[in-house]
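Single-structure report; data block below.
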2 protein chains.
Amino acid sequence: MARPTSKDVAHAAGVSQAAVSLVLGDKWRGRVSEATAERVRTAARDLGYRPNLAARNLRLGSTRTVLLVVPALTNDFFARVYTGAARIAAAHDFGVVLYPSPDGIGPAKDPFASARSALDGVIASSMAAGALADIRGADLPLVMLDSDPADTTAAAHVNVDLADGMRQMTEHLLSLGHRRFLHLAADVDSWTFAVRADSIAHALRTAPDATLRTEHAPLTVHGARAAAERALTATTPRPTAVLCDDDIIAAGACKAVRRLGLRIPEDISVTGFDDLALATAVDPELTTIRMPAELVGERGMQALLHVLEGKEPQSDALPVELIVRDSTAPPTA
Amino acid sequence: MARPTSKDVAHAAGVSQAAVSLVLGDKWRGRVSEATAERVRTAARDLGYRPNLAARNLRLGSTRTVLLVVPALTNDFFARVYTGAARIAAAHDFGVVLYPSPDGIGPAKDPFASARSALDGVIASSMAAGALADIRGADLPLVMLDSDPADTTAAAHVNVDLADGMRQMTEHLLSLGHRRFLHLAADVDSWTFAVRADSIAHALRTAPDATLRTEHAPLTVHGARAAAERALTATTPRPTAVLCDDDIIAAGACKAVRRLGLRIPEDISVTGFDDLALATAVDPELTTIRMPAELVGERGMQALLHVLEGKEPQSDALPVELIVRDSTAPPTA
DNA sequence: AGGATGAAGTTTTACGTATAACGTCCGTGG
DNA sequence: CCACGGACGTTATACGTAAAACTTCATCCT
């Protein structure tokens with residue numbers, strides 16, 4: 001038989017469709033007797049009734065579903081953001097649908113083809129500058145995570161104190177005695193990486209004798225390895241510390257250093273960013289900056305829920321933490 | 001103003017709502033004049049009209065959306081499966097919604113809370129034995145990837161020739177001269193891992209002098225490291241080759257080997273499985289088995305589309321490939 | 001006694017879309 | 001001169017649900 005509807009349940013229980021809706025919607029205290037309610041419930045169970053979500057969404061004018069747009073799935077930062085967002089959503093009887101932007105960090109082309117469900121709102125994390133055109137056009141409430149706070153198309157922002165993170169990292173290296181730096185910057189035009197570069201430059205002003213070379217690297221281990229190798233061989237005297245925009249880039253940098261026959265951290269210190277699972281999967285384990293990823297997801301969802309309720313959300317910069325592991329040490333030269 | 005409906009567009013263009021639906025649905029050849037059609041289109045554009053998906057889904061009785069259930073997001077195998085599935089889906093004007101089972105490889109609790117959009121079907125990848133109860137109860141067409149073909153609740157299966165993969169890997173090590181094996185098995189009751197164990201046992205029958213010890217390890221780098229350390233110190237004489245169920249476990253095993261002061265591959269060979277990004281991010285790069293992950297996603301989606309059209313899908317085992325890198329070598333002892 | 005109250009339902013309506021069924025006008029062939 | 005079929009639309013209806021508005025009947029207070 002075809003999928004049973006509430007009308008079928010009503011017929012089976014000998015009541016009207018409205019009664020079924022009341023009972024199953026748990027809004028029947030004082031409107032339907034306990035006996036009838038029980039009859040409806042068993043009828044529904046016997047028929048295997050599942051409400052038609054499309055009809056409910058149409059009726060209610062809301063789907064209690066939000067879209068989370070992320071640039072990549074292979075990065076567990078986003079997995080943790082999702083976890084946090086989904087937890088808060090579940091507590092408010094909302095669902096989260098995940099849309100990985102197909103080109104990695106790049107334009108999000110028609111995310112609504114991927115999730116044709118009607119949506120109540122959108123959360124976008126760490127997206128590149130012009131990547132959200134389609135989403136903006138949809139006039140849905142938008143919360144941006146880890147993105148330029150100056151972007152006014154978003155109803156709210158949730159950001160991590162990245163500048164403080166890169167400052168802490170740079171000062172960590174300075175205090176170890178490093179003065180010649182290589183910055184392996186992600187080859188992506190996104191706010192989150194621009195902040196890192198600024199912050200390094202700013203932190204180095206306190207050390208006038210420090211030198212900084214910047215090299216751009218793709219967000220893959222092998223691409224980053226090639227870029228690091230290039231930069232390390234081309235720069236004399238050789239840098240003693242490599243600041244990477246990301247743990248993935250750092251993993252590539254480590255491979256490059258070893259390829260050149262050098263040791264980490266004795267000859268060169270390497271630092272990551274994000275504290276991905278990768279950071280402790282490689283040898284040596286990376287000194288890095290831990291992002292409160294789940295908290296970012298939670299705050300993002302809370303902000304969106306506030307927007308949906310018409311309240312004004314507040315946004316503040318969440319703190320990060322410097323995690324010192326085995327990839328940094330004082331320079332020997 | 002509130003979101004415009006097709007009725008608003010009709011009013012603006014001076015036609016009936018039906019005409020709007022015909023024009024925008026691209027089903028108007030011979031029913032509406034080109035001039036009127038153009039008027040409707042500009043009116044729709046001016047008002048920023050977007051069709052209400054919930055209403056359309058209700059009317060059509062189909063959402064052209066399928067759910068992809070995966071056990072984890074941090075594993076790029078699943079990211080690639082998604083990519084393949086989404087590509088095929090897009091070509092057929094379908095969307096894919098991703099549901100990461102919250103407990104990693106474990107029970108999928110109410111996936112429909114996560115994607116309350118009505119769904120036309122479900123694809124589930126590599127899920128543990130009893131993890132799909134809720135999905136089965138939803139009486140939606142179900143395609144299973146990388147799962148027990150004997151499970152008859154699925155309308156179709158897409159599998160990779162894992163047995164052949166583990167056979168190739170075992171024979172690779174045998175041909176290098178290894179005889180003392182440690183199998184680091186994933187601590188998960190799922191078909192995909194059961195096959196690996198069987199296949200190793202089967203392949204070792206051709207070498208009567210070979211010994212095999214099996215140790216269970218969690219699917220995390222650190223958990224696997226601990227398990228590997230335990231097994232390697234407890235077994236004498238020490239194994240010369242470690243067969244891991246997964247690249248993540250292999251990464252942990254590598255850390256364990258180095259902690260014991262041994263070298264890879266000179267003292268101990270370590271093998272992975274899946275060819276994740278991690279396999280080439282660690283040092284040495286892992287000898288592993290490459291899975292045709294995107295192809296799995298594509299075939300899965302094709303099978304589901306066939307089921308939805310009432311056709312019978314065919315299922316065959318996709319081939320894998322042995323990738324020899326730097327983590328395996330002949331034993332020196 | 002008689003209206004007010006409340007329990008236990010039912011009838012009706014609306015959500016926005018897609019499409020089947022139905023009109024209307026006009027040119028044309030017989 | 002009239003029936004007939006295309007071109008160009010419109011009107012009406014159904015999808016399944018939630019909830020407002022209404023009915024019915026028994027009880028209770030004054």
Side-chain angles (χ1 to χ4, degrees), chain A residues 1-41 43-44 47-65 93 112 116-120, chain B residues 1-41 43-44 47-65 93 112 116-120 138-139:
Chain A
M1 189 183 72
R3 202 176 211 253
T5 73
S6 60
K7 200 177 296 181
D8 297 328
V9 175
H11 187 76
V15 296
S16 72
Q17 179 267 328
V20 173
S21 184
L22 288 172
V23 170
L24 269 41
D26 219 40
K27 189 51 199 162
W28 56 281
R29 29 227 154 187
R31 317 254 296 122
V32 175
S33 72
E34 173 56 47
T36 331
E38 189 51 33
R39 232 169 47 225
V40 168
R41 280 189 290 256
L47 292 178
Y49 170 70
R50 300 234 164 201
N52 179 318
L53 277 309
R56 169 179 297 178
N57 293 343
L58 174 59
R59 177 66 235 246
L60 296 180
S62 143
T63 60
R64 301 190 86 78
T65 300
D93 196 29
F112 305 102
R116 342 179 70 79
S117 52
L119 299 170
D120 286 353
Chain B
M1 189 184 73
R3 202 176 210 251
T5 73
S6 61
K7 200 177 295 181
D8 297 328
V9 175
H11 188 76
V15 297
S16 72
Q17 179 267 328
V20 173
S21 184
L22 288 174
V23 171
L24 269 40
D26 219 40
K27 190 50 199 161
W28 55 282
R29 28 228 156 188
R31 316 251 299 123
V32 175
S33 74
E34 173 56 46
T36 339
E38 188 53 32
R39 235 174 40 236
V40 168
R41 280 188 290 254
L47 291 178
Y49 170 70
R50 300 233 165 202
N52 180 317
L53 277 307
R56 170 178 297 177
N57 293 342
L58 174 58
R59 177 65 234 247
L60 297 181
S62 141
T63 62
R64 302 190 84 79
T65 300
D93 196 30
F112 305 101
R116 344 179 69 79
S117 53
L119 299 170
D120 286 354
D139 73 358

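Chain identifiers are assigned alphabetically (A, B, ...) following the order of the sequence lines, protein sequences preceding nucleic acid strands; residue numbering begins at 1 within each chain. Hydrogens, waters and symmetry mates are skipped; everything else that's a heavy atom, side chains included, is used.
Contact record, Val23(B) with Ala37(B): CG1-O, 3.8 Å, taken as the closest heavy-atom pair. Ser62(A) and Asp120(A) make their closest contact through OG-OD2, 2.9 Å (heavy atoms, listed as atom of the first residue, atom of the second, distance). Nearest heavy-atom pair, Leu58(B) versus Leu58(A), reported as atom, atom and distance to 0.1 Å: CD2-CD2, 3.4 Å.
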**Item:** Protein-to-nucleotide contact annotation, 5' to 3' order, nucleotides 11-21 of chain C [B base; S sugar-phosphate only; - none; under 4.0 Å, heavy atom]
**Value:** B--BBBBBB-B
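Residues satisfying the side chain to side chain donor-acceptor pair (under 3.5 Å) test with Asn52(B), not counting sequence neighbours, are none. Checked against side chain to side chain contact (heavy atoms under 4.5 Å, CB included), Ala18(A) has the following partners two or more places apart in sequence or in another chain: Ser16(A). Partners of Ala44(B) according to the side chain to side chain contact (heavy atoms under 4.5 Å, CB included) rule, which considers only residues two or more places apart in sequence or in another chain, are Val9(B), Leu24(B), Tyr49(B). Residues meeting the side chain to side chain contact (heavy atoms under 4.5 Å, CB included) test with Thr36(A), sequence neighbours left out: Val15(A), Val32(A), Ser33(A), Arg39(A).
Separation of atoms CG (Leu22(A)) and CD (Gln17(A)) is listed at 9.0 Å; rounding is to 0.5 Å.
In this structure, the helix from dA1(C)-dT30(D) to dG30(C)-dC1(D) shows an angle of 60° between the axis at its start and the axis at its end, each fitted on 5 base pairs and rounded to 10°.
Along DNA chain D, the stretch of nucleotides lying under 4.0 Å from any heavy atom of chain A spans, 5' to 3', dG16(D) to dA21(D).
With hydrogens and angles ignored, the 3.5 Å screen pairs no side-chain donor or acceptor of Arg50(A) with any backbone N or O of Arg3(A).
The salt bridge (Lys or Arg N to Asp or Glu O under 4.0 Å) contacts involving residues 10-35 of chain B comprise Glu34(B)-Arg41(B), where partners must be two or more places apart or lie in separate chains.
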